[in-house]
Amino acid sequence: MKIDVKQDLLSLNNAVAAENRALFNSKNLFTINIMGSPGAGKTTLLERLITQICNDAVVAVIEGDLATARDAQRIAACDVPVIQINTDGGCHLDAEMIAKVVKGFDLAQTDLLLIENVGNLVCPAAFDLGEDLRMLVLSITEGEDKPGKYPTAFMAADVVVLNKMDLKDYLDTDTESLIADILAINHNIKIFSTSCRVGKLEGMEDLAAYIVDAMRLKKQGKIKRG
Ligand SMILES: Nc1nc2c(ncn2[C@@H]2O[C@H](COP(=O)(O)OP(=O)(O)O)[C@@H](O)[C@H]2O)c(=O)[nH]1
Ligand SMILES: [Mg+2]
């Protein structure tokens with residue numbers, strides 16, 4: 001007897017993700033799934049992006065972590081609605097978790113839903129949440145070998161944000177070969193370089209403008225996933 005549990009799990013997830021996507025589309029809501037290793041700077045990037053984007057969009061945030069509400073507390077301080085999901089050991093968010101919590105937002109009054117996935121460069125890439133855009137945050141402190149070693153995350157992403165650029169001069173990371181490796185894995189990927197460090201902010205305006213443009217294109221029916 002053949003039992004293919006992984007296939008069942010993913011096809012169930014894909015079905016719920018399709019329902020999420022239909023709900024988000026019906027509310028004209030743009031959603032971004034933000035992935036990356038623990039400590040890459042995902043929450044800090046969200047804090048900076050919210051400040052940058054709040055004049056153009058009404059934002060809500062879902063935070064995913066194994067434990068604690070620390071990231072949700074940081075986001076709440078930005079004065080946007082936020083819901084924390086604790087996966088209790090689970091290494092990624094799935095579509096069902098999102099379906100359960102989105103009911104807690106006023107979706108009709110929200111333009112942009114930012115979902116910070118559990119810090120992990122592997123598992124989140126396999127689980128569609130119903131998002132419009134997949135953004136991978138990679139800190140340059142992680143080293144230039146990561147795209148080659150963890151290619152699935154880069155294959156799944158639409159956008160890579162190379163964060164902590166303020167540290168470039170202190171590191172041996174070869175950012176040119178890092179970028180070349182990312183493009184070799186996924187030549188359609190859009191790459192941004194950022195620093196979220198207060199006093200050394202870099203790249204926020206470009207990234208926010210890209211997101212606002214993507215939201216506009218979705219509203220005009222010019223981009224569609226799923
Ligand atoms: N130097 C520097 N530190 C950063 C930057 N972005 C985030 N950090 C720091 O990296 C650490 C992890 O950031 P956090 O946003 O919690 O990462 P997450 O686990 O991916 O959400 C914190 O100490 C941040 O202050 C950056 O662009 N430059
Ligand atoms: Mg975080």
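Not measured: the values here are computed from a predicted model. The chain is numbered in sequence order, starting from 1. Each ligand, and each atom within it, is numbered from 1 in the order the structure gives.
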*Can you tell me if G36 has a non-hydrogen atom under 4.0 Å from ligand 1?*
no
_Under 4.0 Å between a side-chain nitrogen and a carboxylate oxygen: does that hold for D111 and K27?_
no
*Under the side-chain hydrogen bond (donor to acceptor under 3.5 Å, both in side chains) test, residues paired with T44 that sit two or more places apart*: R74
*Tell me which protein heavy atom sits closest to atom 15 (O) of ligand 1, plus the residue, atom name and distance to 0.1 Å.*
T44 OG1, 2.5 Å
*asked:* Just verifying a value: how many Å separate L133 CG and Y210 OH, rounded to the nearest 0.5 Å?
replied: 5.0 Å
*When rounded to the nearest 0.5 angstrom, what distance separates OG in S139 from NZ in K164?*
4.0 Å
_Salt-bridge present (D181, K146; N to O < 4.0 Å)_ = no
*With a 4.0 Å cut-off, would you call D71 and K42 a salt bridge?*
no
*Starting from atom 21 (O) of ligand 1, locate the nearest protein heavy atom and write down its residue, its atom name and how far away it is, to 0.1 Å.*
T43 OG1, 2.8 Å
*Of the protein's non-hydrogen atoms, which lies at the shortest distance from atom 16 (O) of ligand 1, and what is that distance?*
R74 NH1, 2.9 Å
*Shortest protein heavy-atom distance from atom 19 (O) of ligand 1, along with the residue and atom involved*: G39 N, 2.7 Å
*Would you call A40 a ligand 1 contact, heavy-atom distance under 4.0 Å?*
yes
*Determine whether N33 and M135 make a side-chain contact, defined as any pair of heavy atoms from C-beta on separated by less than 4.5 Å.*
no
_Rounded distance (nearest 0.5 Å) linking atom CD1 of I189 with atom CG of L183_ = 8.0 Å
_Under a 4.0 angstrom heavy-atom cut-off, which atoms of ligand 1 come close to G41?_
7 (C), 13 (O), 14 (P), 15 (O), 17 (O), 18 (P), 20 (O)
*asked:* Heavy atom to atom 6 (N) of ligand 1, shortest distance: which of L167, T194, N163 holds it?
replied: N163
*Indicate yes or no: does D132 engage K218 in a salt bridge with an N to O separation below 4.0 Å.*
yes
*About how many Å separate CG of L178 and CG of L162, when rounded to the nearest 0.5 Å?*
5.0 Å
_Closer than 4.0 Å to some heavy atom of K42 - which atoms of ligand 1 meet that?_
15 (O), 17 (O), 18 (P), 19 (O), 20 (O), 21 (O)
_Looking only at protein heavy atoms, which one is nearest to atom 4 (C) of ligand 1, and what is the separation?_
K164 CE, 3.7 Å
*Identify, by atom number and element, the atoms of ligand 1 in contact range of S37, meaning under 4.0 Å from any of its heavy atoms.*
20 (O)
_Under 3.5 Å, is there a donor on one side chain and an acceptor on the other for E202 and S193?_
no
*Which residue supplies the protein heavy atom nearest to atom 27 (O) of ligand 1, what is that atom called, and how far is it?*
C196 N, 2.7 Å
*Do any N/O atoms on L45 end up under 3.5 angstrom from N/O atoms on ligand 1?*
no
_For E116, which part has a heavy atom under 4.0 Å from ligand 1: side chain, backbone, both, or neither?_
side chain
*Is I83 linked to I32 within one hydrophobic cluster, defined over Ile, Leu, Val, Met, Phe, Trp and Tyr using a side-chain heavy-atom separation of less than 4.5 Å?*
no
*With 2.8 Å as the limit, jot down which protein N, O or S atoms are around the Mg ion (ligand 2).*
T43 OG1, D71 OD2, E116 OE2
*Stepwise, does the side-chain contact (heavy atoms from CB on, under 4.5 Å) test hold for E63 with I115?*
CA-CA 6 Å; E63 282 293 340; I115 304 169; over 6 Å; no
*For atom 1 (N) of ligand 1, grab the closest protein heavy atom and report residue, atom and distance to one decimal in Å.*
D166 OD2, 2.8 Å
